[in-house]
Structure formats: C-alpha cells, structure tokens
Protein chains: 2
Amino acid sequence: MNVKFNNRDPVYVQVIRHFKEQIAKGVLEPGQEIPSRRELANQLKINPNTAQRAYKEMEEQGLIYTEGNLPSKITKDELVLKGVRKELIMEAVETFIYSVQSIQVPLEEVLDLVTEKYQKSQEEGNV
Amino acid sequence: MNVKFNNRDPVYVQVIRHFKEQIAKGVLEPGQEIPSRRELANQLKINPNTAQRAYKEMEEQGLIYTEGNLPSKITKDELVLKGVRKELIMEAVETFIYSVQSIQVPLEEVLDLVTEKYQKSQEEGNV
DNA sequence: TGTAGTGTATTATACGGGTAATACACATCG
DNA sequence: CGATGTGTATTACCCGTATAATACACTACA
C-alpha cells in the first residue's frame, strides 16, 4: 500500500482515488478482500474515521461491498469495474481538453506534447 | 468579464487562472489596464478582499504591476508573458499524463481519445 | 466460552483556508 | 477643499476537514 498525499484534496478523496486506480489497473480483482478500516488507517497513518469515510463512500458508489462484519471486498459487478476505468479516463481527458482549449492550443501541438511527455515519463519509470 | 467558478478550488486561485488564460490567449496585452480590486469584485460578485488576494499574488508573480494608487496593469515583460502560456500548457499536460499513466492507458488510446474529444468539443463551440 | 477483530455510529475538538467587514493612507479631480 | 476611487492592511468569522475518543453489535476462532 503506497499512497502519496497532496495537500490540495481531502485525504478521504485521495484514498478513494487510489482504490479506483488500483481497480482500473486490475491490481484489485473482483471479490478480493481489502484491508479493514483500522488496518488501512494503520498502513496509511491516517485516522480510522477518515478510512471509514472513504470506505463508506466507495460502498455507496458500489465499488466495494460488505457482508456482516467481515473485511469489505471489491465488487464483482463487472459493469461497475469497467466503468471505473472509463470514468477515470474520461475525467482526465475532459479536464485536459478544457484546459488546453481555454488557451487555444491547436490539436497538433497538444498531440505532440502529450506524446513527448508520455514517452519521457515512461523512460523515467514514473509508472 | 466572464468567469465560471467551481466549488473545488479557492475563488482567488480561479481568478488568477482566469487572468492567466486571458494573457495566454493574448486578450490582455502588455501594459493594459485591468479592473480595480473593487471593480473586479463587483463584476464577479466576489469579496473585494478575494480580488485583492488574487491581484497581490499576481503582482508577486510579476504578472501585473501597480504604480501609486492607480489601477494595476498587465506587465510589459515579454518573457513573463510568454512564460504564462507555456506554464499553463505544461501544467495541464503533466497532470494529464500522470493521470493516464497511473492507470496504464496506452499512448495510442490516449491520443485517440484526445483527438476525438478535442474535435467534438470544438464542434460544440466550447471555446 | 471468551477474546479479539470486524463494521458502524456518535460526539467533540482543533485547525486552516477562505471569505467577510472594516479601516487607513493617498491621489486624482471636479 | 472635499468627495470619490485607488491600493493596502488588520481583524474576525465561517465552514470543511481531520482527528480523537468512545460505544455498540456481531462473528470468527482459538
């Protein structure tokens, strides 16, 4: 478990994002058990209530489910799981497009920059 | 003056971003006078202090300058002005690349999505 | 059986960022 | 001269977030 926090967004939001990324990458698989609230809080050095808040929201979004008082698990709903990846991608793309268009960067320049940065970042191992 | 605010970022940050976009697009030219703090506050329906905070930070960044108690003006430093556009673009690209790589979206898919969204957004007139 | 670990809920507190309210000094201009 | 508009500074308040401290019901398991 390795999460780097920034100071801009609430911790619980960043925790949710982290899980979504893990799901999108396939690291977390359907039905897989995830750390308990207290366990997660220990690992990430955050308050159990903050972990609880993140899990609660993920449960409301159908990302995880809980049976009895057993550790929560990743949903088995393939539709939801597929949706996570698509949601993350779309959100990133739309935000990006909005940004570059708001300062009128032509498509060709955008594509060049993306390609360049993508490969450079790849080489440096930022994955 | 037309700024749409979101609830996530502080208003003063969004105000700064707005001015940077205007500068990057060339709408605001070197030496051009900008609204006074109070005037801006009126136009955007925000608190004068919030406008002040935005202007103060812009002044610290060298984007605007103030002589006496006259309305501030856009800097004439071409280097700074050029830098604004580059800064906005780089920031957008880097954030975007980080997002898509964190969920391992291949470059081809990224480029396709960007191209598609860019053109669609263009057609809809979101510029 | 009982202990430890689970999810869940409630209440209180502290802190910081953002915003609001107000005041001051100065200069321009009618 | 006085009023208005400018930049600037100080103080105070609101609210979301994060944390802390408990509490309760349930269950797996030694």
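In what follows, every chain begins at residue 1, and chains take the letters A, B, ... in the order their sequences are listed.
The main-chain N or O of B/Ser121 is never found under 3.5 Å from a side-chain atom of A/Gln101 such that the two would form a donor-acceptor pair.
For D/dA20, the OP1/OP2 oxygens have a side-chain nitrogen or oxygen of A/Asn47 closer than 4.0 Å. The phosphate of D/dT19 has OP1 or OP2 within less than 4.0 Å of a side-chain N or O from A/Thr50. In terms of phosphate contacts, A/Ser36 brings a side-chain nitrogen or oxygen within less than 4.0 Å of OP1 or OP2 of C/dT6.
A straight line from CG of A/Leu40 to C1' of C/dT6 spans 14 Å, rounded to a whole angstrom. Rounded to whole angstrom, the span from the CD atom of B/Gln14 across to the P atom of C/dG17 amounts to 17 Å. Put simply, OH on B/Tyr65 is 16 Å from C1' on D/dT6, counting in whole angstrom units. In this structure, CD of A/Glu33 is placed 14 Å from C1' of D/dT27, rounded to the nearest angstrom. Residue B/Ile64 contributes atom CD1, which lies 14 Å from atom P of D/dT6 at whole-angstrom precision. When rounded to the nearest whole Å, the span between CD of B/Gln52 and P of C/dT19 equals 14 Å. Rounded to whole Å, the distance from CD on B/Glu57 to P on C/dT19 is 12 Å. Separating the CD atom of A/Glu67 from the C1' atom of D/dC26 is a distance of 14 Å, rounded to the nearest angstrom.
Residues in residues 65-92 of chain B take part in no ring-ring contact (aromatic ring centres under 6.0 Å, His included) pair, two or more places apart or across chains. Sorted by first then second residue, the salt bridge (Lys or Arg N to Asp or Glu O under 4.0 Å) pairs that include residues 88-107 of chain B, not counting sequence neighbours, are A/Lys117-B/Glu94, B/Arg17-B/Glu91.
Residues passing the side chain to side chain donor-acceptor pair (under 3.5 Å) test with A/Glu87 are A/Lys20, sequence neighbours excluded. Taking the side chain to side chain contact (heavy atoms under 4.5 Å, CB included) definition, one finds that B/Val80 meets it with B/Leu63, B/Thr75, B/Asp77, sequence neighbours left out.
With the nearest nucleotide of DNA chain D identified for both A/Tyr12 and B/Glu59, B/Glu59 has the one nearer the 5' end. Nearest-nucleotide positions on DNA chain D place B/Lys56 closer to the 5' end than the other of A/Lys45 and B/Lys56.
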Step-by-step side-chain contact (heavy atoms from CB on, under 4.5 Å) determination, B/Phe96 to B/Val114: CA-CA 11 Å; B/Phe96 178 59; B/Val114 167; 3.8 Å; yes
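Checking C/dT19, D/dT6, C/dG7 against every side-chain atom of B/Pro71, the shortest atom distance belongs to D/dT6. Comparing C/dT19, C/dT8, D/dG7 against the side chain of A/Arg37 picks out C/dT8 as the nearest.
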Enumerate donor-acceptor pairs with a distance under 3.5 Å from any side-chain N or O in residues 27-38 of chain A to protein atoms, sequence neighbours excluded.
residue : atom : partner : partner atom : Å
A/Gln32 : OE1  : A/Glu29 : N            : 2.9
A/Ser36 : OG   : A/Glu39 : N            : 3.0
A/Arg37 : NE   : A/Gln52 : OE1          : 2.9
A/Arg37 : NH1  : A/Ser72 : OG           : 2.7

Sequence-aligned protein contact record of nucleotides 22-30 of chain C, with B where the base is within under 4.0 Å of a protein heavy atom and S where only the sugar-phosphate is: BB--BS---
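Across all strands, A/Arg53 comes closer than 4.0 Å only to sugar-phosphate atoms, never to a base (heavy-atom distances).
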